[in-house]
Student: 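Sharing a structure below in structure tokens format, with a few things to ask.
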Amino acid sequence: MTRTEDASCYLKSLNSLNPEITVNSGQMFLWENYKNSWYGVYKSHILKFSLDHKNSSKGTYDHLYFDSLPELDNWQQLVFRLDDDVNYISSCLTNDNMISQLFKKYSGLWLMRQDPFQCMISFACSSNTNIPMIRRMLKNLCRKFGIKREIDEKKFFTFPTTKSLAKASINELCSCGIGYRAKTIKSLTEKIIIGTLNIEELSRSKYDEAKEKLLGIYGIGNKLADCILLFSLEKTEAFPIDVWIARSIYSYYRALLNQESFKLDIKSTKLSPNKYNLLSKIMRQHFGKYAGYAQQYLYYHMRCSANKKW
DNA sequence: CGCCAGGCAACGG
DNA sequence: CCGTTGCCTGGC
């Protein structure tokens with residue numbers, strides 16, 4: 001176990017992070033908060049960061065500590081996307097008045113980078129259910145197929161490896177309460193093991209090409225594919241549309257929609273693949289290369305407005 | 001009990 | 001193309 005004391009070279013950007021908002025924005029299923037520390041499962045590692053001496057007038061932190069078990073050198077660079085040029089990204093998006101406001105309102109909401117395999121399994125579990133259920137399913141999978149680790153006298157289980165899930169039977173997977181999603185996890189892990197699905201290749205590929213590959217997997221449709229692309233495969237232009245984002249489009253972005261291309265029914269947030277592609281294209285054209293960032297803020301805003309308790 | 005929840009595939013017009 | 005239906009599961 002190593003400890004990075006007050007990583008001053010990152011402090012400038014990291015101290016504006018709001019972990020509560022970020023973790024609760026629905027993308028980080030296996031992160032938990034105890035006192036002033038946050039713990040997260042990342043592949044076979046347990047990551048930890050602690051915040052001290054919050055400056056309440058500025059809303060910033062004086063000290064940040066990073067840990068990992070086993071050691072994962074400089075994980076904060078990777079996971080918090082410190083390579084992103086936040087000023088540039090914001091300049092790309094703040095021509096949009098709505099996003100400009102949301103950037104201010106929810107400052108500290110960050111896009112995080114997930115491990116691709118973990119991200120695929122996580123969103124495979126997300127279909128037709130809610131966040132507490134997704135958490136439960138993933139924890140069950142970790143308990144059954146991961147490795148126990150202890151940190152600060154708290155017990156965690158690491159995320160299962162591709163191999164360990166590939167070896168599992170459908171029944172064993174189902175015992176984790178994932179139901180019909182077991183089939184998706186099975187086809188996903190099999191394709192990775194035999195090499196039909198190559199994560200490195202997906203990362204290198206352009207958005208359209210990578211998405212096409214993901215859509216070839218049983219159980220992965222438009223929405224799940226876009227989540228995987230945005231959160232783990234470097235496709236910041238991906239703009240996942242779930243019911244909440246669909247509502248936000250109908251509420252705030254009607255002007256962008258072409259009336260003749262499809263008749264909009266405000267109540268109908270269910271999208272056919274065709275409608276999804278059309279909407280997704282319109283939004284990606286509107287927001288550009290960092291559309292996924294805009295999506296994240298819109299999503300969080302819609303959920304907050306609806307008083308969702310995560 | 002029926003209905004719903006951050007989707008998807010299969011099937012019939 | 002469209003719309004409908006069933007699906008694991010747990011909470012209300």
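Proteins get letters first, then strands, A, B, ... in listed order; numbering begins at 1 in each. Keep in mind that what you see is a predicted model, and the values were worked out from it rather than measured.
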Student: Please pick, from dG6(B), dC2(C), dC8(C), the nucleotide with the shortest atom-to-atom distance to any side-chain atom of F123(A).
Tutor: dG6(B)
Student: Does the ring centre of F231(A) sit less than 6.0 Å away from the ring centre of F123(A)?
Tutor: yes
Student: For dA9(B) and dG10(C), measure between their C1' atoms and round to the nearest Å.
Tutor: 24 Å
Student: DNA chain B: K183(A) or I241(A), which has the more 5' nearest nucleotide?
Tutor: I241(A)
Student: Relative to the 5' end of DNA chain B, which residue comes earlier, F29(A) or L215(A), by the nucleotide with the nearest heavy atom?
Tutor: F29(A)
Student: Mind checking whether Y293(A) and F239(A) have ring centres under 6.0 Å apart?
Tutor: no
Student: Has R181(A) got a side-chain N or O lying under 4.0 Å from the OP1 or OP2 atom of dA9(B)?
Tutor: no
Student: Taking any heavy-atom pair under 4.0 Å as a contact, classify N128(A): base, sugar-phosphate, or nothing.
Tutor: base
Student: Measure the distance from CG on D242(A) to P on dA5(B) and round it to the nearest whole Å.
Tutor: 12 Å
Student: Whether the side chain of D152(A) engages the backbone of K154(A) through a donor-acceptor N/O pair (distance < 3.5 Å, no angle test) should be reported.
Tutor: no
Student: So what does Y218(A) touch, heavy atoms closer than 4.0 Å: a base, only the sugar-phosphate, or nothing?
Tutor: sugar-phosphate
Student: Rounded to whole angstrom units, what separation is found between the CE atom of M133(A) and the P atom of dC4(B)?
Tutor: 18 Å
Student: Remember a base hit wins even if backbone is also touched, and classify I245(A) as base, sugar-phosphate or nothing at under 4.0 Å, heavy atoms.
Tutor: nothing
Student: Would you say S37(A) and S50(A) are linked by a side-chain donor-acceptor pair, where the criterion is simply a distance under 3.5 Å?
Tutor: yes
Student: Among F80(A), Y65(A), Y39(A), which residue satisfies the ring-ring contact (aromatic ring centres under 6.0 Å, His included) criterion with F49(A)?
Tutor: F80(A)
Student: Does any N or O donor sit under 3.5 Å from an N or O acceptor when you compare the side chain of Y299(A) with the base of dG6(B)?
Tutor: yes
Student: Give me the distance, rounded to whole Å, that separates dG2(B) from dT5(C) when you measure between the P atoms they each carry.
Tutor: 16 Å
Student: Measure from the ring center of W75(A) to the ring center of F66(A) and say whether it is less than 6.0 Å.
Tutor: yes
Student: Under the 3.5 Å rule, do the base of dG10(C) and the side chain of R136(A) count as making a donor-acceptor pair?
Tutor: no
Student: Using a 3.5 Å limit on both distances, find every run of at least three consecutive Watson-Crick or G-U pairs that involves DNA chain B.
Tutor: B:2-5 with C:9-12, B:7-13 with C:1-7
Student: Write down the distance between OH (Y276(A)) and P (dC8(B)), rounded to a whole number of angstrom.
Tutor: 8 Å
Student: For the atom pair CD (Q114(A)) and OG (S122(A)), what is the distance rounded to the nearest 0.5 Å?
Tutor: 6.0 Å
Student: To the nearest Å, how far apart are I131(A) CD1 and dG11(C) C1'?
Tutor: 16 Å
Student: Report the distance from atom NZ of K223(A) to atom C1' of dA9(B), rounded to the nearest whole Å.
Tutor: 17 Å
Student: It should be established whether T129(A) places a side-chain nitrogen or oxygen under 4.0 Å from OP1 or OP2 of nucleotide dT9(C).
Tutor: no
Student: Starting at atom CZ of F231(A), determine the distance to atom P of dG6(B), rounded to an integer number of angstrom.
Tutor: 15 Å
Student: Does one side chain, of Y276(A) or D226(A), offer a donor that lies under 3.5 Å from an acceptor on the other?
Tutor: yes
Student: Report the distance from atom CD1 of I217(A) to atom P of dC8(B), rounded to the nearest whole Å.
Tutor: 12 Å
Student: Whole angstrom is fine here: how far is it from CZ in R303(A) over to C1' in dA5(B)?
Tutor: 10 Å
Student: Between dC3(B) and dT4(C), how far is it from one P atom to the other, in whole Å?
Tutor: 16 Å
